[in-house]
Each structure stands twice: as C-alpha cells, then as structure tokens.
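Below is one structure, written out as structure tokens, with a few remarks after it.
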Amino acid sequence: MPEVVAFGADHPGAIASGARVFYECLGFASAEAADPGPEGGSRQIYRRAVT
C-alpha cells in the first residue's frame, strides 16, 4: 500500500504547501500521525489503497 508523509493539519505549512490537498486528489486518505519533522512540526501519514 503506497504511503506518503505530509504536514499535519495543525502545521503552518499544511495549507501553504498544498501537499495534503494534492495527495487527497490522487486518492490518498489520511491515516495515523507520524513522528514530528526536523523543525518539530506535526506530520500525517497518507495512504492509498492499491486496486
């Protein structure tokens, strides 16, 4: 199952980067939280089911 790590919803870059919306448009869905990034900001794992 493909997965990516994007900014968490509360991270200031979550909206500015557009990554969360981009992955959702590709069929990824948010899953569990990931370890914080190097700057301490939250991260979210996104997974896409393989069909």
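Remember, predicted model here, so these are calculated numbers, not experimental data. Just so you know, these numbers use all the heavy atoms, side chains as well, and skip hydrogens, waters and symmetry mates.
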Notebook entry, point to check: Which ring-ring contact (aromatic ring centres under 6.0 Å, His included) pairs, counting each pair once, include a residue from residues 29-51, with sequence neighbours left out?
Noted result: none
Next item on the list: Would you confirm whether Q44, through its side chain, and E32, through its main-chain N or O, come within 3.5 Å as a donor-acceptor pair?
Entry: yes
Next item on the list: Please indicate whether L26 has more than 12 foreign heavy atoms, meaning atoms of other residues, nucleotides or ligands, lying under 6.0 Å from its CG.
Entry: yes
Next item on the list: Heavy atoms only: give me the nearest S17-F7 pair and the separation to one decimal.
Entry: OG-CD1, 3.5 Å
Check: Quick one: does R43's side chain get under 4.5 Å of H11's, heavy atoms only?
Finding: yes
Next item on the list: Tell me, please, which residues at least two apart from A31 pass side chain to side chain contact (heavy atoms under 4.5 Å, CB included).
Entry: I45, R47
Notebook entry, point to check: Quick check: does any side chain N or O of R20 sit under 3.5 Å from a backbone N or O of I15, one acting as donor and the other as acceptor?
Noted result: no
Item checked: Hydrophobic cluster membership, F22 vs F28, 4.5 Å side-chain cutoff -> yes
Margin query: Taking side-chain hydrogen bond (donor to acceptor under 3.5 Å, both in side chains) as the definition, give me every residue that meets it alongside D10, ordered by chain and number, with sequence neighbours left out.
Written below: S42
Notebook entry, point to check: If you look at every heavy atom in A14 and G8, which pair is closest and at what distance?
Noted result: CB-O, 3.3 Å
